[in-house]
Number of protein chains: 2
Amino acid sequence: MSRTAPTVALKQSETPTRKGLHNGQIYEEMFAAILEQRLAPGTKLSEDTLGEIFGVSRTVIRAVLQRLAHERIVQIHPNRGAFVSEPSPAEAHEVLQARRLIEAGIVREAIRKQMPSDMETLRQSVAAERESLEQGDHESWVRLSGNFHLKLAAIAKNRTLVAYVKELVSRTSLIIVQYQKGNVSPCSCDEHTQIIKAIEARDEEKAVELMMAHLKACEDQLNLQNDEEKADLFSIFAKPGGRADKKRRAV
Amino acid sequence: MSRTAPTVALKQSETPTRKGLHNGQIYEEMFAAILEQRLAPGTKLSEDTLGEIFGVSRTVIRAVLQRLAHERIVQIHPNRGAFVSEPSPAEAHEVLQARRLIEAGIVREAIRKQMPSDMETLRQSVAAERESLEQGDHESWVRLSGNFHLKLAAIAKNRTLVAYVKELVSRTSLIIVQYQKGNVSPCSCDEHTQIIKAIEARDEEKAVELMMAHLKACEDQLNLQNDEEKADLFSIFAKPGGRADKKRRAV
DNA sequence: TTAATTAATTTTGTATACAATATTTTTTAC
DNA sequence: GTAAAAAATATTGTATACAAAATTAATTAA
């Protein structure tokens, strides 16, 4: 944690002040900036700086930061400021588990409420995914991949559930940025396609199974074992006795 | 909607100012006041008045109201102010549907992760419910009944899911206040007891079935058909032609 | 030079002031 | 007396000012 947080750099091309931006617009811009990785996890979000950038006072920036904090994309440390969230491995597991639970239910609901146009929308979404993957545009792929899950959630026609899925997908993006090991496996598009097919076939058990496996695979592609980061440092450098040596100063 | 919103009356015994309250404490007090029906749905939450009551400036009241708004317990109309939410029938259905989806999943997870102490906690929760029901304390019953679902969610050991269930339970309380027809059926405690038994027996399908039926019964006890309130007024008073008459002024 | 302490600066938390919008009351016309 | 228009009032939205806390820089001692 000793690395210094990078300063906020929302848009390099930005003129110092851009007046007239409303609360919601500023939220959208910051939300996009975080998910598109222009603002990396851990970045400090200074109220003054952001106020200058958007040409508004700290008052309105504060409201936006609180909204982002409620959505878990930003973390507020009292008296210290707001930072782009750095989800812990435990939190990452929690988010993926919540997604399996909720999206399994959404798949069931989608099977009941599906319309042909919904399925067409989903197929187009996967097509866009595949294109971004072929072009090697990793950033677009993360966004479009999440988009598929949002479109699927929308079929359930439940604004509350859509809001929850949106939140979970956003958090997943932050998690991927932090913990994805190597390149993403290109089979993800195919998994989405298979889910669509199972929904169309109204095969509930199979569709649920595919969705759970898909999200589990997503989690398995992450590096989530470094909860003991500091302990590892000790085990790497320490003499026999390991982290217990931490307390002993002499020797 | 022509009925005037009642003014805020948080605690009759309250002295005009009570200094030193922190952000989170004010949130807790307002949250409790709304769920305990001391603040009825539709009540206007004036920033000045609340600031006076809690002995803080509008700045901090504003933050609390925004937090409550994000949790859907309060609704903010731009330039008009904050009001205790009055969920529409459509929203009520949405909330109960989301609960069925999420709590069905929670039941499955609880079956996997249950510990003996968890089950004991649940049984105690139901005991408290039954007591409040026997004493005819309806307000306590609403709170304790929601509490059972929260305790159940906690077994899944997932803070995100607990937060979602907490939000949904709160919204359900507001919904019950608005739409519950007659007295609550006293079988609700028994339904909770049955769910506990099914979880202990690790009978996943039965436990899920019971939870879904329980929440469906809860929804069925509500009066949710008055989405056409205004239209009804017209059909009640109007001459043949019904609501189409609305536009015509003469005659 | 390093470590600890102190001072200076920066940044957040809260109150207040003013502008913009709603609401209420009063006035005016029919 | 009722309805519309205008003025007055009250309330929200935003900017700014000041206090409290944290961070950074400077100073001092070992």
Side-chain angles (χ1 to χ4, degrees), chain A residues 1-10 16-30 39 42-70 74-85 249-250, chain B residues 1-10 16-30 39 42-70 74-85 248-251:
Chain A
M1 286 300 161
S2 61
R3 91 180 135 81
T4 57
T7 53
V8 57
L10 213 60
T17 57
R18 313 189 329 186
K19 294 231 170 187
L21 276 184
H22 214 296
N23 193 309
Q25 298 172 295
I26 295 172
Y27 163 82
E28 291 295 344
E29 284 223 27
M30 289 189 62
L39 291 174
T43 305
K44 162 125 205 219
L45 301 170
S46 152
E47 297 178 358
D48 266 327
T49 310
L50 288 167
E52 243 183 301
I53 288 171
F54 290 111
V56 295
S57 78
R58 285 172 54 214
T59 310
V60 37
I61 296 295
R62 225 139 197 288
V64 171
L65 289 174
Q66 278 165 354
R67 181 172 169 192
L68 290 165
H70 195 118
V74 154
Q75 217 173 337
I76 292 177
H77 302 274
N79 282 322
R80 304 229 9 248
F83 302 80
V84 178
S85 284
R249 297 288 208 64
Chain B
M1 288 301 162
S2 61
R3 91 179 136 83
T4 57
T7 53
V8 59
L10 212 59
T17 58
R18 315 190 326 187
K19 292 231 170 188
L21 277 184
H22 212 297
N23 193 309
Q25 297 172 295
I26 295 173
Y27 163 83
E28 292 295 345
E29 283 223 27
M30 290 189 61
L39 291 173
T43 305
K44 163 128 205 216
L45 301 170
S46 154
E47 296 178 359
D48 267 326
T49 310
L50 288 168
E52 244 182 301
I53 288 172
F54 289 110
V56 295
S57 79
R58 286 173 52 213
T59 309
V60 38
I61 295 295
R62 223 140 200 288
V64 172
L65 289 173
Q66 278 166 354
R67 181 172 170 192
L68 290 165
H70 197 118
V74 154
Q75 216 171 338
I76 291 177
H77 301 275
N79 283 320
R80 305 233 4 251
F83 302 80
V84 178
S85 283
R248 304 190 213 151
R249 297 289 208 60
V251 179

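Chain A is the first sequence line, chain B the second, and so forth, proteins listed ahead of strands; every chain is numbered from 1.
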Reported [atom1]-to-[atom2] distance for the pair [X] and [Y], which is rounded to 0.5 angstrom:
| X | Y | atom1 | atom2 | value |
| --- | --- | --- | --- | --- |
| L50(B) | L39(B) | CG | CG | 8.0 Å |
| I76(A) | S85(A) | CD1 | OG | 9.5 Å |
| E28(A) | I26(A) | CD | CD1 | 11.5 Å |

How many whole angstroms separate atom [atom1] of [X] from atom [atom2] of [N]?
| X | N | atom1 | atom2 | result |
| --- | --- | --- | --- | --- |
| H22(A) | dT14(D) | NE2 | C1' | 11 Å |
| I76(A) | dT11(C) | CD1 | P | 17 Å |
| D48(B) | dT9(D) | CG | P | 17 Å |
| H77(A) | dT11(C) | NE2 | P | 17 Å |
| F83(B) | dT11(D) | CZ | P | 12 Å |
| E52(B) | dA10(D) | CD | P | 13 Å |
| N23(B) | dT14(C) | CG | P | 7 Å |
| I61(B) | dT16(C) | CD1 | C1' | 15 Å |

Problem - Under 4.0 angstrom between S57(A) side-chain N/O and dA15(D) OP1 or OP2 - result: yes
Exercise for the section: Determine: side-chain N/O of K44(A) to OP1/OP2 of dT12(C), distance under 4.0 Å, yes or no. Expected result: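 For K44(A), the contact criterion (side-chain N or O under 4.0 Å from OP1 or OP2 of dT12(C)) is met.
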So do the side chains of [X] and [Y] get within less than 4.5 Å of each other, counting heavy atoms only?
| X | Y | result |
| --- | --- | --- |
| L45(A) | L68(A) | no |
| M30(A) | V74(A) | no |
| Q66(A) | R67(B) | no |

Problem - Proximal nucleotide (of dT11(D), dA15(D), dT12(C)) relative to the V60(A) side chain - result: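 Looking only at side-chain atoms, V60(A) lies closest to dA15(D).
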Problem - Nucleotide nearest T59(A) (side chain, heavy atoms from C-beta), chosen from dT14(C), dT14(D), dT12(D) - result: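 Closest nucleotide among those given: dT14(D).
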Exercise for the section: Summarise protein proximity over nucleotides 17-23 of chain D in one line of letters, 5' to 3': B for base, S for sugar-phosphate only, - for none, counting protein heavy atoms closer than 4.0 Å. Expected result: B---SSS
Exercise for the section: Kindly give the heavy-atom pair with the smallest separation between K44(A) and R80(A), and that separation in Å. Expected result: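 Closest approach of K44(A) to R80(A): NZ-O, 3.2 Å.
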